[in-house]
Participant: 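Before I ask anything, let me first share the structure, which is written out below as structure tokens.
Every value quoted in this text rests on a predicted model; they were computed, and no experiment measured them.
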Amino acid sequence: MDDLDSFVNKIGSQIAALDDEISQAVQSQSVVGRQATKDIEDAQHHIEELYTKIQDIKLKATQSENMVQDLCVDIKKLDYAKNHLQTSITSLNRLQMLINAVNQLEILAQDYHYKEVANLLDAVRQFMSHFEKYSQISVISDLNKRIENIRSHLTRHIKGIFAEIAEKMDSVADIEVIIVDLIPGGTKGLGDACRVIDALGHSVRRDFFTEFVKSQLVAYDQLFGPDKEYSALEFMDRRFAWFKRLMKY
């Protein structure tokens with residue numbers, strides 16, 4: 001019986017000790033749980049602060065990007081304005097040079113300085129090529145009219161000279177005498193007049209040669225044309241002699 005009581009007491013002591021351990025464990029776990037909750041709350045708070053900082057950084061980055069884009073737009077506008085200004089200055093300089101060239105061309109064309117006129121015609125043509133799309137502007141339109149008047153005057157004048165040369169070739173023995181009478185500078189002046197014809201353009205040059213060749217062949221047709229006195233084949237040597245005489249001039 002005493003052994004049983006002793007055993008019961010021992011078991012009771014063990015149960016009491018176990019209860020104390022369980023109580024202590026529950027208390028310790030409660031403390032750890034509260035600490036874990038606090039740590040979680042702190043972690044969430046730090047995460048929120050970090051998120052806020054990231055949002056601020058993102059906003060500032062967006063603002064910086066917008067500022068850079070605005071700056072790029074402003075730079076492009078300034079660059080466009082600079083290019084436009086440079087183009088305008090260049091165009092004004094070309095226009096002034098064109099006006100000066102046309103003024104000088106009118107004076108030289110009146111005095112028939114063919115060499116200088118040929119050079120100026122080339123220069124005027126190059127300058128005018130820059131203003132083709134502005135032909136409706138009154139200044140450009142007036143210059144175009146003045147240039148066309150000069151071209152027409154020169155074309156008529158030089159065609160007239162060559163027509164007179166063609167008319168007198170059969171009546172004057174020395175062709176050089178004819179040229180000196182009609183053109184200052186003689187043969188050299190005639191060469192400069194031909195340069196003017198070239199400077200007046202392809203269409204004027206083609207029309208000039210067509211008319212000149214026709215005028216030169218009038219006498220040939222009168223001698224060797226169909227049903228003419230020397231049209232037969234036995235007068236072939238006369239044909240060649242006529243052409244040789246023409247080419248000599």
Participant: Is the number of heavy atoms from other residues, nucleotides or ligands under 6.0 Å of Q136 CD greater than 12?
Facilitator: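 No, not enclosed.
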Participant: Can you tell me how far OG1 of T52 sits from CD1 of I57, rounded to the nearest 0.5 angstrom?
Facilitator: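 The distance works out to 11.0 Å.
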Participant: If hydrophobic clusters are built by linking Ile, Leu, Val, Met, Phe, Trp and Tyr wherever their side-chain heavy atoms come under 4.5 Å apart, do I107 and V117 end up in the same one?
Facilitator: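 In one cluster with I107: V117, no.
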Participant: May I ask you to test the R206-S203 pair for a side-chain heavy-atom distance under 4.5 Å?
Facilitator: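 In short, these two side chains touch, coming nearer than 4.5 Å.
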Participant: For I140 and L95, which heavy atoms make the closest approach, and how far apart are they?
Facilitator: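 Heavy atoms only, the tightest pair is CD1-CD1, 3.8 Å.
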Participant: Checking S152 side chain against N149 main chain: does a donor-acceptor pair fall under 3.5 Å?
Facilitator: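 Checked: no pair found.
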Participant: Applying side chain to side chain contact (heavy atoms under 4.5 Å, CB included) between V73 and each of Q69, K77, K76, report the one that passes.
Facilitator: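 Only one option passes, and that is K77.
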Participant: Measuring from E106:CD to L120:CG, what's the distance to the nearest 0.5 Å?
Facilitator: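 CG of L120 is found 11.5 Å from CD of E106.
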Participant: Starting at CZ of R94, measure out to CD1 of I99 and round the result to the nearest 0.5 Å.
Facilitator: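 Between R94 CZ and I99 CD1, I get 14.5 Å after rounding to 0.5 Å.
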Participant: So, do L143 and R146 sit near enough that their side-chain heavy atoms are less than 4.5 Å apart?
Facilitator: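 Yes, close enough: below the 4.5 Å cut-off.
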Participant: Quick check: does any side chain N or O of R195 sit under 3.5 Å from a backbone N or O of Y114, one acting as donor and the other as acceptor?
Facilitator: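 No: the side chain of R195 does not pair with the backbone of Y114.
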Participant: Within a reach of under 6.0 Å around NZ of K159, are more than 12 heavy atoms found that belong to other residues, nucleotides or ligands?
Facilitator: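 Yes.
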Participant: Given H45 and E49, is the side chain to side chain contact (heavy atoms under 4.5 Å, CB included) satisfied, shown in steps?
Facilitator: CA-CA 6 Å; H45 178 69; E49 287 182 347; 2.8 Å; yes
Participant: What are the two closest heavy atoms between A118 and A199, and how far apart are they?
Facilitator: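 Residues A118 and A199, closest heavy atoms: O-CB, 3.7 Å.
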Participant: Hey, could you give me the CD/CG distance between E116 and D192, rounded to the nearest 0.5 Å?
Facilitator: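 It comes to 7.5 Å.
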Participant: Using 0.5 Å steps for rounding, measure from the OG1 atom of T87 to the CG atom of L92.
Facilitator: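 With rounding to 0.5 Å, OG1 (T87) is 11.0 Å from CG (L92).
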Participant: Looking at every heavy atom in both S135 and S141, which two are closest together, and how far apart are they?
Facilitator: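 In this case the closest contact between S135 and S141 is O-CB, 3.6 Å.
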Participant: Do E148 and K145 sit within salt-bridge range, that is, some charged N less than 4.0 Å from a carboxylate O?
Facilitator: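 Result for this pair is no, no salt bridge flagged.
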Participant: Between the side chain of D79 and the main-chain N/O of I75, is any donor-acceptor distance below 3.5 Å?
Facilitator: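 A pair under 3.5 Å: no.
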Participant: Could you tell me whether the side chain of L154 reaches within less than 4.5 Å of the side chain of L121, counting heavy atoms only?
Facilitator: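 Side-chain contact under 4.5 Å: yes.
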Participant: Taking the side chain as C-beta and beyond, is there a heavy-atom pair between R151 and V204 under 4.5 Å?
Facilitator: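 Touching, per the 4.5 Å side-chain cut-off.
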Participant: Between Q104 and N100, is there a side-chain donor-acceptor contact under 3.5 Å, judged purely by atom types and distance?
Facilitator: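 The answer is no; no qualifying pair exists.
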Participant: Atom CG of L108 and atom CG of N103: how far apart are they, to the nearest 0.5 Å?
Facilitator: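 So the gap between those two atoms works out to 11.0 Å.
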Participant: If we only count heavy atoms from C-beta on, is the Q55 to Y51 side-chain gap below 4.5 Å?
Facilitator: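 Heavy-atom side-chain distance check passes, below 4.5 Å.
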